[in-house]
Amino acid sequence: MGQAARSLIAAAAGIAAARLGLRAAGKLTRGAVARDTPFDEKRWARTNHRGEPVTLLEGPVYAAAASAAVLAAPGLPGRLRAAGVAAAAGAGAFGVYDDLCGSADRRGIKGHLSALAQGEVTTGGVKLVGIGAVGVLGGCLVRRGGGVVEKALAAVVVAGAANAVNLLDLRPGRAIKGAALVAAPGVLGRAIRGAGDGVSIGGSAGNGRGMAGSANTLAAAGLGAAVALLPEDLGERAMLGDAGANALGALLGLAAAAGARSNAGLAWRAAALAAVNLAGEKVSFTKVIAGCPPLNAVDLWGRRPIAPEYSTEDASVSDSSADGKGPAATGPGPRG
């Protein structure tokens with residue numbers, strides 16, 4: 001089976017799993033049987049800037065659908081398949097915890113690390129450590145034969161991508177669009193060229209290099225599930241939240257780490273993602289996007305018209321939030 005066919009099947013599996021997951025989630029959260037249980041729709045409800053309800057269930061649906069798509073994707077080596085499920089499910093689980101139990105008292109990587117240093121355990125801090133562990137596990141699985149530096153760089157790519165996508169989840173569809181714009185061209189290009197694996201994970205080279213083909217299939221599975229949920233996000237009926245954004249970023253980060261053919265490739269990926277995360281602590285990505293007409297056009301594509309009272313507030317809200325718990329993400333703030 002060619003690379004294009006494997007990627008297409010993986011993407012189709014993601015799309016099907018996500019749509020089925022949305023339907024199942026809707027049935028689970030409706031009716032008296034779900035009341036006062038983890039499936040109670042009130043537990044997952046948030047209010048956007050229009051005063052309209054949105055649900056966070058899109059996040060766990062994405063994590064479950066992406067995991068299912070990775071399991072169903074053809075031709076993946078066992079270690080990469082296991083790492084993909086662990087990345088989507090693990091990052092999604094820590095995101096669910098932060099979505100349901102977190103607050104905006106501490107924001108950003110610096111805020112949560114400062115709290116931990118003072119002996120205060122925040123939900124964002126737990127998620128930060130947890131996704132770091134997910135990154136370490138993924139790095140060890142996909143770069144098994146490499147040294148400590150190689151595994152550490154892979155871990156930074158996985159965890160850094162998880163948080164970077166979460167930083168974008170402040171407006172409807174932005175996180176999915178951003179992830180697709182970065183990852184889709186490479187996925188499509190490698191599928192068309194029929195890029196295959198140079199050396200298998202744990203193969204003769206023993207370092208997992210040359211996994212472009214399998215990494216492409218992995219990324220296609222994650223993107224398929226995300227694109228299937230885009231109409232719900234753009235329609236402001238649901239949002240990825242930390243669960244979905246972290247799971248999407250971790251899975252795409254794992255694919256990037258697995259597909260790197262050298263330590264240099266891993267290093268520049270890790271450096272780029274570290275820069276994005278550090279910038280998110282200081283810079284409003286919303287301001288940057290609004291100030292760049294091409295990016296703003298992409299950001300607004302498919303979204304409902306922005307309310308007049310929202311436009312001024314939108315430009316002034318900081319995006320610095322490693323855990324997505326700022327006013328732009330929950331409550332009556334401008335997210336949505």
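When reading the values below, keep in mind they use all heavy atoms of this one structure, side chains included, and skip hydrogens, waters and symmetry mates.
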Handout entry: Verdict with reasoning, L141 to L80, per side-chain contact (heavy atoms from CB on, under 4.5 Å)
Key = CA-CA 7 Å; L141 285 173; L80 187 57; over 6 Å; no
Practice task
State whether the side chain of R6 and the backbone N or O of T217 hold a donor-acceptor pair below 3.5 Å, judged by distance alone.
Solution key: no
Handout entry: Min side-chain heavy-atom separation N163-I131 under 4.5 Å
Key = no
Handout entry: Co-membership, hydrophobic cluster, residues L223 and L230, 4.5 Å side-chain
Key = yes
Problem - Positive for side-chain contact (heavy atoms from CB on, under 4.5 Å) with F94, one of V134, N246, L128 - result: V134
Handout entry: Under 3.5 Å donor-acceptor, R19 side chain and A228 backbone
Key = yes
Problem - Close side-chain approach of E232 to T55, heavy-atom, < 4.5 Å - result: no
Exercise for the section: Could you tell me whether the side chain of D169 and the main chain of A175 form a donor-acceptor pair under 3.5 Å? Expected result: no
Practice task
Kindly work out whether a path of hydrophobic side-chain contacts (I/L/V/M/F/W/Y, heavy atoms less than 4.5 Å apart) joins L266 to L273.
Solution key: yes
Handout entry: Note: D299-R171 ion pair, threshold 4.0 Å (strictly below)
Key = no
Fill in the blank from the handout: On a heavy-atom basis, the closest approach of A88 and A66 is CB-CB, 4.2 Å
Exercise for the section: List the steps and the verdict of side-chain contact (heavy atoms from CB on, under 4.5 Å) for W44 and D99. Expected result: CA-CA 9 Å; W44 300 90; D99 278 334; 5.7 Å; no
Fill in the blank from the handout: dist I176:CD1 -> L248:CG (nearest 0.5 Å) comes out at 7.0 Å
Exercise for the section: Using a 4.5 Å cut-off on heavy atoms from C-beta on, say whether the side chain of K127 contacts that of N166. Expected result: yes
Fill in the blank from the handout: For V136, the hydrophobic cluster (side chain heavy atoms closer than 4.5 Å, chained through members) also holds none
Exercise for the section: Would you give the length of the straight line joining atom CZ of R174 to atom CG of L300, rounded to the nearest 0.5 angstrom? Expected result: 9.0 Å
Practice task
May I ask you to decide if G265's main-chain N or O and R269's side chain share a donor-acceptor pair within less than 3.5 Å?
Solution key: yes
Problem - L153 reachable from V157 in the ILVMFWY side-chain graph, under 4.5 Å edges - result: yes
Exercise for the section: Over all heavy atoms of both residues, which pair between A161 and G253 is shortest? Give the atoms and the distance, please. Expected result: CB-CA, 3.6 Å
Problem - Value rounded to 0.5 Å, distance of CE in M239 from CG in L229 - result: 13.0 Å
Problem - Shortest non-hydrogen contact from A72 toward A13 - result: CB-CB, 4.2 Å
Problem - Separation of R43 CZ from L100 CG (nearest 0.5 Å) - result: 7.0 Å
Exercise for the section: Carefully, step by step, assess L251 and L218 under the rule side-chain contact (heavy atoms from CB on, under 4.5 Å). Expected result: CA-CA 8 Å; L251 191 54; L218 188 71; 3.9 Å; yes
Practice task
Kindly indicate whether the side chain of L168, heavy atoms from C-beta on, has any atom under 4.5 Å from the side chain of V165.
Solution key: no
Completion exercise
Cluster membership besides V298, Ile/Leu/Val/Met/Phe/Trp/Tyr side chains within less than 4.5 angstrom, sorted by chain and number, is L181
Exercise for the section: Taking all non-hydrogen atoms of both residues into account, name the closest pair between L234 and G173 and its distance. Expected result: CD2-CA, 3.9 Å
Handout entry: Atom pair CD/CD of E52 and E236 - distance to nearest 0.5 Å
Key = 6.5 Å
Handout entry: Atom of L56, atom of G241 and distance for their closest heavy-atom approach
Key = CD2-CA, 4.0 Å
Exercise for the section: Please check if the side chain of R79 supplies one atom and the backbone of V142 the other of a donor-acceptor pair under 3.5 Å. Expected result: no
Practice task
Please confirm whether the backbone N or O of V70 pairs with a side-chain atom of R81, one donor and one acceptor, at under 3.5 Å?
Solution key: yes
Practice task
Indicate the atoms forming the closest heavy-atom contact of A65 with A225, along with that distance.
Solution key: CB-CB, 4.2 Å
Handout entry: Check: A154 main-chain N/O paired with R143 side-chain donor or acceptor under 3.5 Å
Key = no
Practice task
Please tell me if the side chains of V126 and D98 come closer than 4.5 Å, counting only heavy atoms from C-beta onward.
Solution key: no
Exercise for the section: Show the numbers, then the answer: is there a side-chain contact (heavy atoms from CB on, under 4.5 Å) between Y62 and D233? Expected result: CA-CA 12 Å; Y62 173 79; D233 210 299; over 6 Å; no
Handout entry: Connected via hydrophobic side-chain network under 4.5 Å: L137 and V156
Key = no
Problem - Validation row: V54, R237 side chains within 4.5 angstrom (heavy atoms) - result: no
Handout entry: Hydrophobic cluster identity match, I9 and V227, side-chain contacts under 4.5 Å
Key = no
